[in-house]
Amino acid sequence: MTKPTLPQGTRDFGPEVVRKRNYILNTIKNVFELYGFQPLETPAMENLDTLMGKYGEEGDKLIFKILNNGLDNKEKEKQIKEDFEKVLQGKNVKGITERALKYDLTIPLARFVAMNHNTLTFPFKRYQIQPVWRADRPQKGRYREFYQCDADVVGSNSLLNELELANIYAEVFTRLGLKGFEIKINHRKLVTALAELCGGAEKMNDIAIAIDKLDKVGLEKVKEELSGKGLDSKRISIVESYLNISGGNEDKISALKKLFGDNETAHKGIEELEWLKDSLLTAHYLPLTIDPTLARGLNYYTGIIFEVKPPAAVKMGSIGGGGRYDDLTGLFGVPNIPGVGISFGVDRIYDVMEELNLFPANLQFSTQVLFFNLGEKESKKAFELMQQLRHNGIRCELYHEAVKFDKQFKYAENKNIPFVVIIGEKEMQSQTCNIKTLATGKQEIIPFSALLNYNFGEK
RNA sequence: GUGGCUGUAGCUCAGUCGGUUAGAGCAUCAGAUUGUGGUUCUGAGGGUCGUGGGUUCGAGUCCCAUUAGCCACCCCA
């Protein structure tokens, strides 16, 4: 028998970890509900067609494909071999694979809306908390199976949605006790406009990917990459002046206005950023920074885009991201339904909170009372009393076998159980139980009948 | 997909220049203690040294391959 292992990039979550993760998930969920979002769940797998081509060329490579069943069918052997030849050439063939694990929650939402738009009430505000899978090579803060928590508003062009979503980010991270996070925003139209100034829309993606790396690799490397993509020095200097925009949000707005002049596309983008920035002035703590270098890889975004950076002290990629897409369901044959959404990366938020020690201590509650097992008659009595306590909402356990005190105490200790109830021969005779508080060593003898009213503390 | 680092007991790790029977701490189990835990003391179990091959009289140690993990790139939550 060989030792079992986990598939690369996946993890088991033990009891303590699950409690901590649930703390994050519940916080997010509560805020989503508070803002009027409704839950949605979609299958782990989608038809491959639904996913392919939605995440860019790189994204397609990272989709986990599921092998069809029945490939060993002798009657279809010839066809299957032909199909497999095509797979070897990098194609996707239905005969070999027609399903895949979902890659994010936005495309499944689009698919759902496209299928159900006749019955949905718009704007459709949904949240979704589910695992997604990416065939990426794992590293720090990157897993092959991880949870996304998305909130999207589908069917509304109003910027009020962006305003709400920005507030959801602030609310969640504030509730989690995370200080020093930063919500970066930008507008896809600015990136489009920049591409227009630099030789056309087909360079849009190259430019987006390159400028997005600015804070990571520095200006020189970005320029090198752009030059590698075929931009001449004049165009690169335009990009450079765009990247050099700095200062406060006000400064950046005026610099952008100056740079783009009367460019129609950029004008619209700047206007929206400005609206959002001004609307936020009256809100609670909301560290919103306009960052022209923010571009985001997923190419369905068309409007304002978001990204949340963890506190600078933590070396970790973004812990949330999102943006507006004008026509997502158009890909599925239902045009003119706009949407805007955000996503929380729970696994990264977990890692950040662990690193900064932000989890409250009281998440790890367990059993409150352990009944010792001191024999056949004794354990029956203990069981009876225990059930009464359970009925009153006290979390109890009866030790599973009659063994030495030593072991039963150690069990209580290891599981952090604050009280033990000892019912042995002596107690049976006197119809009492001996309650010991482990932390203090204090013991109290009370009648069986008084146990129900004993105060075992909170929770 | 590309590159770097690491795999020795359940966990964290030593292991010299290639040399006899591979060690420690923690954890586990047993005893000191048949109704009182945490501290202490004594003892025990536990290993295909990731896997396969090679060099050598001899390999945990050197070489090659492979696999897994971590980290970085690409890309992203």
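These numbers come from the heavy atoms of this one structure, side chains and all, not from hydrogens, waters or symmetry mates. Treat the numbers as computed from the prediction; the structure is a model and nothing was measured. Just so we're on the same page: letters track the sequence lines, and every chain starts at 1.
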Pairs under 3.5 angstrom, nitrogen or oxygen only, protein versus nucleotides 42-45 of chain B, please.
none

Pairs: protein N or O with nucleotides 28-33 of chain B N or O, under 3.5 Å:
from  : atom 1 : to       : atom 2 : distance (Å)
B:G31 : OP2    : A:Lys404 : NZ     : 3.0

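Note on residues 418-437 of chain A: no pairs pass salt bridge (charged side-chain N to carboxylate O under 4.0 Å, His left out), not counting sequence neighbours. Applying the salt bridge (charged side-chain N to carboxylate O under 4.0 Å, His left out) test to pairs two or more places apart or on separate chains, those with a residue in residues 397-408 of chain A are A:Glu397-A:Lys415, A:Asp406-A:Lys410.
Taking the six-membered ring wherever Trp is involved, the centroid distance between the rings of A:Tyr127 and A:Phe37 does not fall below 6.0 Å. Between A:Phe372 and A:Tyr399, the ring center distance fails the sub-6.0 Å criterion. Ring centers of A:Tyr169 and A:Phe344: under 6.0 Å apart, within the cut-off. A ring-centre distance under 6.0 Å is not found for A:Tyr411 and A:Phe409.
Per the stacking criterion (ring centres < 5.5 Å, plane angle < 30°), A:Phe146 stacks onto the base of B:A77.
Among B:G35, B:C74, B:G37, the nucleotide with an atom closest to any side-chain atom of A:Glu58 is B:C74. Taking only side-chain atoms of A:Glu413, from C-beta outward, the nucleotide of B:G38, B:C75, B:G35 with the closest atom is B:G38. Nearest nucleotide to the side chain of A:Arg348, out of B:C75, B:U36, B:C76: B:C76. The listed nucleotides are B:U36, B:A77, B:C75; the one nearest the side chain of A:Lys213 is B:C75.
Between B:C73 and B:U16, the distance separating the two C1' atoms is 37 Å to the nearest Å. Nucleotides B:U51 and B:G45 have their C1' atoms positioned 27 Å apart, rounded to a whole Å. Nucleotides B:A59 and B:U55, compared at atom C1', are 10 Å apart to the nearest Å.
No donor-acceptor contact under 3.5 Å links the side chain of A:Gln408 to the base of B:U36. A donor-acceptor contact under 3.5 Å is formed by the side chain of A:Arg142 with the base of B:C75.
Side chains of A:Asn186 and A:Ile304 form no contact here, defined as non-hydrogen atoms less than 4.5 Å apart.
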(message) Please convert RNA chain B into dot-bracket. A pair counts if it is Watson-Crick or G-U wobble with both distances under 3.5 Å; crossing pairs go in [ ] and bases paired with another strand get |.
(response) (((((((..((((.....[...)))).(((((.......))))).....(((((..]....))))))))))))....
(request) For A:Phe456 and A:Leu451, run side-chain contact (heavy atoms from CB on, under 4.5 Å): C-alpha distance rounded to whole Å, both residues' side-chain angles, the deciding distance at 0.1 Å, then the answer. (result) CA-CA 10 Å; A:Phe456 287 106; A:Leu451 184 64; 3.9 Å; yes
(request) Would you give a per-nucleotide map of nucleotides 66-72 of chain B, 5' to 3', where B means the base has a protein non-hydrogen atom under 4.0 Å away, S means only the sugar-phosphate does, and - means neither? (result) ---S-SB
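Between the side chains of A:Tyr325 and A:Asp152, at least one donor-acceptor pair of N or O atoms lies under 3.5 Å.
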